[in-house]
Every structure is written in structure tokens, then in C-alpha cells.
Protein chains: 2
Amino acid sequence: MANLKDLAEHLGLSQATVSRALNGYSTVNAETRRKVQEAARLLNYRPNTSARRLATGRAGAFGLVLEQSDNLLNDPHFVDFLSGFTQELAAQDLDVVLTSAEGLATYRRYASTSKVDGFVISAPKVKDARVAALTEMAFPFVVHGQTEADAPYAFYDIANERAFLDATRLLLNLGHRRIALINGPADTMFARQRLDGFHKALAEKGLPPDPRLIHHATMSEDEGYALTRQLFAGSEAPTAILCSSTLQTLGLTRRLREEGLEMGRDVSVISHDDGLSSMKTENFSVPLTVTRAPIREAGQEIARMLVALGNGASVETQQKTAPVELIVRASTSAAPQE
Amino acid sequence: MANLKDLAEHLGLSQATVSRALNGYSTVNAETRRKVQEAARLLNYRPNTSARRLATGRAGAFGLVLEQSDNLLNDPHFVDFLSGFTQELAAQDLDVVLTSAEGLATYRRYASTSKVDGFVISAPKVKDARVAALTEMAFPFVVHGQTEADAPYAFYDIANERAFLDATRLLLNLGHRRIALINGPADTMFARQRLDGFHKALAEKGLPPDPRLIHHATMSEDEGYALTRQLFAGSEAPTAILCSSTLQTLGLTRRLREEGLEMGRDVSVISHDDGLSSMKTENFSVPLTVTRAPIREAGQEIARMLVALGNGASVETQQKTAPVELIVRASTSAAPQE
DNA sequence: GAAATTATAGAAAGCGCTTTCAATAACCCG
DNA sequence: CGGGTTATTGAAAGCGCTTTCTATAATTTC
């Protein structure tokens, strides 16, 4: 494995020149650069990552810590996120470093040992301790979502509140009055935002929220099933359901059939759709009406933001709320006549 | 951020001694070590990762490259794998480095720049080029699954052939004769193994395989749905179906209901179950008979193997085929009388 | 008590790169 | 043609750690 010294000796040049030639500095003669590049290719030279990192002080990698207790990361949408995130960074020769931990210690350690140049904060809580800690350390990070914070921070979010406001309005305009919400975990910010949108739409019509119709759950098939069952167990069954994830909706669908109810006729359903490659809502038996925001794009965009922060961009310039599409398909229809 | 030099000066010791004290070398006085450790804690000293890596020549990380064209990595089971893999490594202060690429170049580059100390090879093909390349480079790796190779290599596999042999036998013994197989992609080794098991069981009964009942597909809900629809379109519908993933089975379930068929009564179904945390097969409307092997454990075990290889273990000692449980639940029953 | 161990700590040489600073050669201008 | 650029390269100093090789002091051995 040739190193810089070998290459320099082979060329009869100094290491400095070779390094400069390879790294695209303008102060090196065009012909020299050509030779260097050719020799590098010939000797199959690759700069040692650790050495370069030590010299430059940059890790060339961004971190993502998997909180084991956080089942949000255990659901399929995370794969799509990761895929987009990784691909975008790889295109710029940057890595993603994954680790697993509970609590803030790991963030501190990774930052202070310069293992990574920044973090992405996944599944932020309503008030997220990680954001506070990293802000205080002045270490770069981008939040996937938002949180309540004292200082500005970089984030990429989707218009959750607006999406669920629109979705609820749609159902209300179709005449539905008993609308259920199967939401994400109560301590996550996106669930809060969606709940806000839901409430707002009800309030517009002067309708009070019915706590029996509002549920928080993990993003699993099981939970979607169990909650749907529960919703239809009593006498006050909903005529429409808002659901926070495709996986939950899959469970919901399963239960609805058992109840002998047809989606889009007996019960209207709107699901949030992260655009997962393994579950296409347009191909459901009854094509789903959805609020749609591909999570893969979140991964890509957050990667770009992280890079920008690394290049000195200010936190204020790295804040983005992506729109959410409301796509109406067959799973929604006018409320049944009483 | 204190570095080694600071710490040494603060203590009035040499960097060498401090380094030795911190790294647990026996040649340092117990009292000295105590002082060093205390000072390190006090000054919040953390050795710089890049510097250490450069000095030791070890990356302290293992790599996983996401092949973008490979939709196997786009399915939920990958999250569970990754979770187990990462957790196990994190426990030993090792990272996982993710990158995205097509082809072998990335493996070469990451190996030669010592970005990682080894790779895990996911979703191996029947004859996998990555395995051949890494073997030739004498770079450590563990295959998640198996492949046809010229030389021995480290792998963690599950007993796919045996599992599908047993599952098919079960169906045959229940009197089924028209058994369909919804398998994984044709070029993957695990799909090949499962097909072999399937064929073997049929052969035991002297039954010829019917190509119309054998399908290869990606591990998506859609495909499960589409193929099930196709299976029941003709006149020669199956009475039992073997399915390669929970997600496909979800699609299958969806279609079966549309066909007006009840799982476990009209049609027997056995699904492979990776033990995904977001989809529990025991909670299906009709609890599923499954071949079960938690993929999270694969992640953990492969992490251990990689570490062992790094510590000089021979490839031959790092080969494991984990058993697959056959769990009989309500989705299988005797074949309907003709 | 002298010679030989052993315990402990320091000096210094890397690891392989980047980058500042200095040096030289080539070029420009009036 | 001489002083002043400008283009190009090299020397060398790190980056922060590990580790070999020495050196010294303390201890043991007969």
C-alpha cells in the first residue's frame, strides 16, 4: 500500500507538492499535477484517512446514535431515512458513523474526540435534552423534526401540523364528526404537532376533542390493529380515522376487515405516508388518501445541511420545513348518513 | 479540550507514562496510575480518535455499505439487524461506518485507507463478487448469509434450507399438494437455499415442482399482494403458501381477504419471521405459523465475529449457522377435501 | 556488599498526512 | 538591465497519540 512518501519519492517530488497536487491546490503546475495524478493512479495511492483527519482536524463523518429504548428507530421509515442520508454524504466522500447508546454521554464523547463533525438528532422529543446539550457545546447538529429550545438550531421538519390540519378539515368537510386519531408516541414532537393540527381543525368547526378517540402509540402494525379494535369496541365508533404511519394503517386495515367494515365506504381513513419503498400506499386494496412527505428526502436534505454547517453556515440559514402533500384517493368519502 | 500533552504537563509526567497509565499497561506504578486517572477525569481528557488510530493503525470501526440498487436493504428487517449490530459494537467502543455505493471500488477504498477494520457483507448473492474481492485482499469480513466461494470465509447464516424443508414437509403432511412459494429475489443466496429446501421436501413425496407456483420477489408488501393475486387468478390455485418475509405476508393477507379466503381454513400459510420489532406474527388476525430466526441476533453475533477476526481469530472458527424455529400457529391446517 | 534483576519513567521516533514558511526560478516592467 | 513580481517547489513543523528503546532507582541475590 503506497503512502505519500513512497509516491513523492517515486516522482522525485516533495510530499508537499504531491499532497497539493492531489488536493487540487492551484499553486501547482498543471503538468506536475497531471504526472502526480497519473502516478497516484498507477501506484493505487489512497491517502490514509486517520492521518488526514489528524492533520486537518476534520473527521469527515457525521454521527447518528441509535437510542436502543427508542422504538421509533425500529420502524421501517428509518431505513429510508438512513438510505437517503448515507447516499448524499457518500457522494461527497463523507461517512456516517452509527453508534448505540442511551443518554448524552455518547454525544459528548464523540464530539470531544472528534469522531464526527456533527450529529443528526432523530425523533426529537417535545423538549429534547440532546439539542440543549449540543447547543451548549457549540457542536454542529441538525434536528430531524423540531423541539422546544431556548436558542435557534438547525432543523429539517415537515409541516406536520398543517398536514393534519388539512387532513382533518377534509374529513370534516366530508361530514365526518367522530374522527379518531392514531398518533405517534406522546413525547415526540411530531406527534404533538399533528395533534395540534387535528385540534385546530376541530376547533374551527367548534367541535370539542373526544379523548376516547385520540391515541398515542408506537409505529407498529400491532398497535394500529389493537387501537382500531379498541376504537370500534364501544358504541361510539368513529366514522373516520387519521393514522400516523403506514405500518399502523396496515394494522388498521387488518382490523377493519375483521370488523366487516370497508375502508372508504364505511370508514374513511387518512394515513401519513413517509414514502417508504417497501410499502406503497397507492397499492393498497383501497388506495389510501394520505399526507405524504418522503422521508428519504429528509435524509438527503439533512446531510446537505450538516455539510453546510461544517462549512461555516450559520444555524439560522439551515432551517427548513418541507411541505406535506395531501393526496386524496379512495379511502375517504362522505360520512355515512346517521 | 485537554490533550495528552496538557495532561502530562499538568501532572509533571511524560506523555508516555500518562498514555501507559490510561491504557492499562502493567509497567506503571499503581499510585501513579491512580493520579493520572483522576487528573484525566478532572480535565475531562479524551484521547483524540484520529491520533490514536494513526498511531495504532486500527480504525476501531466496522463498515457496512448500502448498495442503493439493493432493495433488500430497504426493508424493515435491516433496521433490526443494524440495531443489534451497532449495539454489540458500541458496547466495546467500536463504531459502525455506513456508506453508500455500487460495486467493489468502495470496499477497496475503505480497506486500503483503513477507514474500517472489517466489513459485514449483507444480502449476499449466490456468487458474491464482494466476498471474492475481500478474500483476495485478505481484508476481514463476515458474511450475513452464505455464498459460493473458492476459499473459506467467515459467515453467520440461518438454516434456511432446513427451515423451508421442514415448513414444506409440514404442509405436505397436512395433505397439501399445491403449495406455492413466494420467495426472495432470485439472485440472493437465502432465496436459493429456501428454494432448495422446498424442492427437497417435494421430492421426498415424489412431487414435481410447479413453476407457476414459484415466485421470486422483493420483500415488499406490494409484491406479496400482487403475487397472491396472481396465484389465485388461474384455475390451479394453491391450497398453501410459503412466504419469505413478514412484509410479503402482510400483502398476502390483504389479498386473501379480498379473495374471500380465510387463512388457516381455506389456505394454509407459513411465513418466515425475522423477529421484527415492528411486526409481530403472533398478533396477526390469524396467528401465523412461521419459521423464525430473530435477525437482531444475527447483527449481534456478526459484530462479535468481526471483533474476533480483528483479534486474529481464523476464518474457519468464525462460521455459524443458527437454527430456525418452526412455530406452528393457526395459519396452517389440513388441506381442504377436493 | 557487589553484581544482577526488576520496577518505573522519560526521550524520542514514528504513524501519514496537511500547511506554513521559505526558497528558487522564471517572468515582468519601464 | 535591475528591482519587483509571480509561479512553483521544498523543508519542516506540526496534528495527538503509541511504543520502542533507554535510563535510573530500587530491590534482590549470593
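Letters A, B, ... mirror the listed sequences (proteins, then strands); counts begin at 1. We use all heavy atoms of the structure for the numbers below, so side chains are in, but hydrogens, waters and symmetry mates are not.
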Side-chain N or O of [X] versus OP1/OP2 of [N]: is the shortest distance under 4.0 Å?
X	N	result
Asn23(A)	dT18(C)	yes
Thr27(A)	dT8(D)	no
Ser19(B)	dC17(D)	no
Thr17(B)	dG10(C)	yes

Using atom [atom1] of [X] as one end and atom [atom2] of [N] as the other, report the distance to the nearest whole Å.
X	N	atom1	atom2	answer
Tyr25(B)	dA7(C)	OH	P	18 Å
Leu22(A)	dT19(C)	CG	C1'	15 Å
Leu4(A)	dG14(C)	CG	P	17 Å
Asn3(A)	dT18(C)	CG	P	12 Å
Glu9(A)	dG16(C)	CD	C1'	13 Å
Gln15(B)	dT8(C)	CD	P	22 Å
Lys5(B)	dT18(D)	NZ	P	16 Å
Arg20(B)	dG16(D)	CZ	P	21 Å

(message) Contact list please: residues 30-55 of chain B against DNA chain C, heavy atoms, distance less than 4.0 Å, in numerical order.
(response) Thr32(B), Leu54(B), Ala55(B)
(message) If you count heavy atoms of other groups shown closer than 6.0 angstrom to CG of Asn311(B), is the number above 12?
(response) yes
(message) Can you tell me if Arg46(B) has over 12 outside heavy atoms packed within less than 6.0 Å of its CZ?
(response) yes
(message) Angle between ring planes, Tyr153(B) versus Phe141(B), binned at 30° and 60°: parallel, tilted or perpendicular?
(response) parallel
Within-4.5 Å side-chain heavy-atom neighbours: [X] and [Y]:
X	Y	value
Ile121(B)	Phe155(B)	no
Phe190(B)	Pro185(B)	yes
Arg130(B)	Val143(B)	no

(request) With sequence neighbours left out, write down each residue that passes side chain to side chain donor-acceptor pair (under 3.5 Å) with Asp117(B), or none if nothing qualifies. (result) none
